[in-house]
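Below is one structure; the comments refer to it alone.
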Amino acid sequence: MRWSQTFIPTLRNDPADAEAASHKLMVRAGLIRQLGAGIYSYLPIGWRIAKKAEAIVREEMDAIGAQEFYLPALHPAEVWKESGRWDAIGGEMFRFKDRKDAEMCLGMTCEEIFTVLARDGLSSYKQLPQIWYQIQCKFRDEPRPKSGVLRGRQFTMKDSYSFDVDAAGLDVAFDKHAVAYKKIFDRCGIDSIPVEASSGAMGGSESVEFMAQSSAGEDWIARCKKCDYSANVERAVSALAPVEDAPDDAAIEKFPTPGIRTIKDLVTFEGGAAADRQIKTLVMMKRGEEGETPVLLLIQGDDELNEVGAIDAVGAALRPAHEEEIVKALGAKPGSLGAVGVKDIPVFADKRLKGRVGMTTGANHDDHHVRHVSMERDITVTKWADLRLVRDGEPCVKCGAPLDLKKAIEIGHIFKLGLRYSESMGASVTDQNGKPVPLVMGSYGIGIDRIVAAAIEAHHDDKGIKWPLSLAPYAVVVSPIKMNDEAQTKAGEELYAALQAEGIEVVYDDRNDRPGAKFKDHELVGIPYRVVPGRGLADGLVELYDRRADEKADVPLADVVAELKKRLSA
RNA sequence: CGGGGCGUAGCGCAGUCUGGUUAGCGCACUUGACUGGGGGUCAAGGGGUCGAAGGUUCGAAUCCUUUCGCCCCGACCA
C-alpha cells in the first residue's frame, strides 16, 4: 500500500471530547471516527487492526473445536419472550416494530438464537459436546456510552455457546474457553487477569471475567499480591480481622442528635460513636413479582455498600429507595435510620456485624439515635451476607497477604449458564437412557473493540501507539527522506517490492512531505518498523527504526529485508 | 434519570458576559517558489446557513424561548 493513496486521516491535536488514551489515539491515528454517542466508524487502518484481532480470536476458537456461525442481529421479540428476557431486560435493548407492527429488537447477545438452533438441531447426547461461536455486531443502548469504543452502543463481539449433556461437560467447555482466552489475550499483547465475577442478569452459577489493568477501565478488581486470588470488587471479600467491641449488655438507649445526619457527624457529636461502632442502615427497593418492596441493608459505619453483593444476597434487583419510600417504611428520614425493632421488612446484615455489641445506629425517629445496640439481641437479621466493598490493602481471604485494588477493562467474560435457557426454552437431548435431559449450557464473550482499545492502553507513549506485531496494521513502513532524490526513491520502491514479495505487510510512504512530519505519523499510527533510505545510501546503508524499542540502527541496504524477516519472525 | 460543561471551517480554539462594518486565529487543505534526518519558510488562495427552529430588535454567533446533539461526574450496566 502507498501511504499517499491510503485514507489515514491523522490529527495533530487530541479530539476535545476524548478522555481515555486509547480513545484519543484511535481518533488521532485515523483508526476511527465518531458518528454518534457510542457509535463509531472504523477507517481502513482501524479496520485492519480489528480484523487482526478477529483472526486471532478465530484461530484460538477453532483450536478448541468451536464452529463458526453467523447469526442475524435483527431478532423477533418472540424468541426473547420465550426465555423471559424480553421483560427482564430494561432500556438497554433497542426495540422497535416492523411494518407489520411486529415487535423486534437488535441483538445484544445471542443465547436465545443459539438455543433455538440447538433445540431444533440437537436431539441426542451423541451429538455433544458442541461449541458454537460467531463474531458479530451487538447492540446495547447503554445509558452512558464512553471512552470511545470501550463502551459503545454498537460493537463487535465474539460470542460462543457450549452445549453439554451434564455439568462435567460444561466444566470442560468452560476450562477450554479459559485457556483459549488467555492465549488470545497473550497473542494480542494484553496481560489478562481472570477474576471471579458476578453473573448478573445473564443467569447461571459461575462466571469469570478477563480483565486488562488500565486506568481507562470502568471496573475495579482486587488482586492478592501473593497468591492467585483475584476478584471483581463486586464479588471480592477479604479476611479482615473482626472488630473487638468492649462488653456491653446495657439496654438500648435512645438519645437526641439534633441535625446529625451522617456517620461522620455522629463521630464528632458529643455522646456519639466511632464510625466502626456505628451501623449504617441503607434502604433499597427490591423488584419482585408483586412490585417493589423495601429491604434494609446493614453495614459497619465506615464501610461502603457493595451493591452487587447486596443484589446477590437479596436475590433480586435493587434500587436505592426514594426519601418518601424510606419515610413510609421506617417513619424517619435518611440520617436517623436503624433496624432496631424492625420486624416486617427483611434485614440483610454484613457478616462483619455479626455478634457486635454496644453499637450506635439511627432510631427511626428524626434527630434521634440509639446506643448500646446488640446485633443479636436487638435486630432481627433475615440473612447475613457479604455486603461491604473491600478496600486496598485488606488481607486476602486465601492467604492473608494484602489485596491490591486496580482499575481494569473487562475484555472477556465466561459464564456457566447451566439450564437457564435450555429449561425456559425447552432445549433438550435424549440421554443414554432414552430420557430427555435439558442441555447444560455455557456462554462466552470477547469484545473485539475492547481488545484493540486495551492493547493501545497497554502499548502507547507520548508519540502514539506501539502495536505488538500481532495487531499492527502494517509491520513495516518504508519512507525515503527526499522524494525528489532518485537514489532514495529507487531504493524505497525496491524495498517496498522486496518486502511485499516476502509476504511482509508493508506500506510505502511516498508522500512528498518533510521527513519529520512523516515520521510523526508513522509513530502515531504505531507501525513497528520503519526503513529509511536517506543520506546513508551513499555508503549502502538504510536506517532501521524499531518503534517499540525506540531504537535506530544503520543496516546495509542489501541486508535489511533479511534483518526484518528475522525480527518479524522472532 | 440527576448534576455539570460544550456545540463557531476537517481538527483545536477566540469572539457571546456588555448586540453594531465583510466572523477571526493556529493547524490542515490548494497553487508556486525555496527547502529536505524530526510536525520548515515565504507568497497567494479556497473553505462558515456560528447545531436547529421560533422570537425580541433598525440590527443577533451574541439577548429570550423551544429543541437536537456531544462530553464529563453520578445513578445504571449482561
Side-chain angles (χ1 to χ4, degrees), chain A residues 7-20 23-24 27-30 33-40 43 80 83 85 88-93 107-112 138-148 150-153 155 157 159 197-204 207 209 218-219 232 234 284 287 305 307-308 311 317-322 410 412-415 417 420-421 443-445 447 463-464 479-485 488-489 511-524 530-537 541-543 545 550 552 554:
Chain A
F7 186 59
I8 312 176
T10 59
L11 300 176
R12 215 157 148 163
N13 300 320
D14 281 337
D17 53 8
E19 203 89 348
H23 184 194
K24 290 179 185 170
V27 175
R28 277 192 61 203
R33 284 293 184 264
Q34 181 175 33
L35 182 63
I39 312 173
Y40 290 86
L43 278 34
W80 286 84
S83 72
R85 290 207 289 181
I89 291 169
E92 229 177 322
M93 182 186 267
M108 48 202 315
T109 175
C110 264
E111 279 76 12
E112 281 80 358
K138 298 291 186 293
F139 299 87
R140 296 184 189 178
D141 195 358
E142 293 286 350
R144 195 167 146 211
K146 60 177 292 197
S147 304
L150 275 175
R151 180 169 292 274
R153 295 197 292 171
F155 56 96
M157 184 163 104
D159 48 321
S198 170
S199 310
M202 194 68 95
S207 89
E209 287 171 330
E218 295 183 79
D219 288 274
N232 192 305
E234 296 174 342
M284 306 280 272
R287 281 171 210 159
L305 177 71
E307 286 195 37
V308 173
I311 289 165
L318 299 174
R319 65 163 176 84
H322 301 130
E410 178 191 349
H413 199 160
I414 59 180
F415 300 87
L417 297 175
R420 164 69 183 83
Y421 296 91
S443 89
Y444 316 87
K463 294 177 181 175
S479 184
I481 293 289
K482 294 172 68 170
M483 290 308 292
N484 61 0
D485 180 312
Q488 290 183 17
T489 52
R511 292 175 298 171
N512 188 22
D513 284 330
R514 292 174 66 90
K518 291 163 72 172
F519 291 176
K520 292 282 186 203
D521 273 350
H522 308 151
E523 287 149 20
L524 177 60
R530 172 173 60 225
V531 182
V532 180
R535 63 192 166 209
L537 270 187
L541 297 173
V542 292
E543 180 186 276
Y545 172 71
D550 194 25
K552 295 171 184 173
D554 286 324

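Labels below follow one simple rule: chain letters A, B, ... track the order of the sequence lines, proteins then strands, and each chain is numbered from 1.
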[X], nearest nucleotide to its side chain (from [options]):
X: A:Lys520; options: B:G38, B:A78, B:G36; result: B:G38
X: A:Glu307; options: B:G38, B:G37, B:C76; result: B:C76
X: A:Asp521; options: B:G39, B:G38, B:C72; result: B:G39
X: A:Ala517; options: B:C70, B:A78, B:G39; result: B:G39
X: A:Arg12; options: B:C27, B:C72, B:G36; result: B:C27
X: A:Phe519; options: B:A78, B:G38, B:G36; result: B:G38
X: A:Asn13; options: B:C72, B:C11, B:C76; result: B:C11
X: A:Asp17; options: B:U35, B:C70, B:G39; result: B:C70
X: A:Glu92; options: B:G38, B:C70, B:C77; result: B:C77
X: A:Ile481; options: B:C72, B:G37, B:A78; result: B:G37

Mind checking [X] for me? I need base, sugar-phosphate or nothing, with any heavy atom below 4.0 Å counting as a touch.
X: A:Val532; answer: base
X: A:Pro145; answer: sugar-phosphate
X: A:Lys552; answer: base
X: A:Glu218; answer: nothing
X: A:Pro9; answer: nothing
X: A:Lys518; answer: nothing
X: A:Pro515; answer: sugar-phosphate
X: A:Gly445; answer: nothing
X: A:Asp219; answer: nothing
X: A:Ser207; answer: nothing
X: A:Asn484; answer: base

*asked:* Distance criterion of 3.5 Å, no angle test: do you see the side chain of A:Arg151 paired donor-to-acceptor with the base of B:C77?
replied: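 By the distance-only test, yes, there is a pair.
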_Looking at A:Arg530 and B:G38, is any side-chain donor or acceptor paired with a base atom of the opposite kind under 3.5 Å?_
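Per atom types, the contact qualifies.
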Between [atom2] of [N] and [atom1] of [X], the distance in whole Å:
X: A:Tyr444; N: B:A78; atom1: OH; atom2: P; value: 19 Å
X: A:Arg514; N: B:C42; atom1: CZ; atom2: P; value: 13 Å
X: A:Ile414; N: B:A78; atom1: CD1; atom2: P; value: 17 Å
X: A:Glu111; N: B:A78; atom1: CD; atom2: C1'; value: 8 Å

_Residue closer to the 5' end of RNA chain B, A:Pro143 versus A:Pro533 (nearest nucleotide)_ =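 Going by which nucleotide is closer to the 5' end, it is A:Pro533.
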*Can you tell me the Watson-Crick or wobble partner of B:G10, both distances under 3.5 angstrom?*
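The answer is B:C27, by the H-bond criterion.
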*Any strand is fair game: report the nucleotide pairing with B:G2 by Watson-Crick or G-U wobble, both distances under 3.5 Å, or none.*
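Its partner is B:C73 (Watson-Crick or G-U wobble, both distances under 3.5 Å).
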*Nearest-Å distance once atom C1' is located in both B:A9 and B:C13*: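 Between the two C1' atoms, the distance is 12 Å.
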*For B:U49 and B:C6, measure between their P atoms and round to the nearest Å.*
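These two P atoms come out 23 Å apart once rounded.
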Can you pull every protein N or O that's under 3.5 Å from an N or O on nucleotides 6-9 of chain B?
none

*Does A:Arg530 make a cation-pi contact with A:Phe519, if we ask for NZ or CZ under 6.0 Å from the ring centre and within 45° of the axis?*
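Here A:Arg530 passes the 6.0 Å and 45° test against A:Phe519.
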*Would you say B:C71 has OP1 or OP2 under 4.0 Å from some side-chain N or O of A:Gln34?*
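It does, given that an N or O in the side chain of A:Gln34 lies less than 4.0 Å from OP1 or OP2 of B:C71.
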*Ion pair present between A:Glu111 and A:Arg85, side-chain N to carboxylate O less than 4.0 angstrom?*
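Counted as a salt bridge, because a side-chain N and a carboxylate O are separated by less than 4.0 Å.
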*Donor-acceptor pair, A:Glu209 side chain versus A:Glu410 backbone, under 3.5 Å?*
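Such a contact is absent between A:Glu209 side chain and A:Glu410 backbone.
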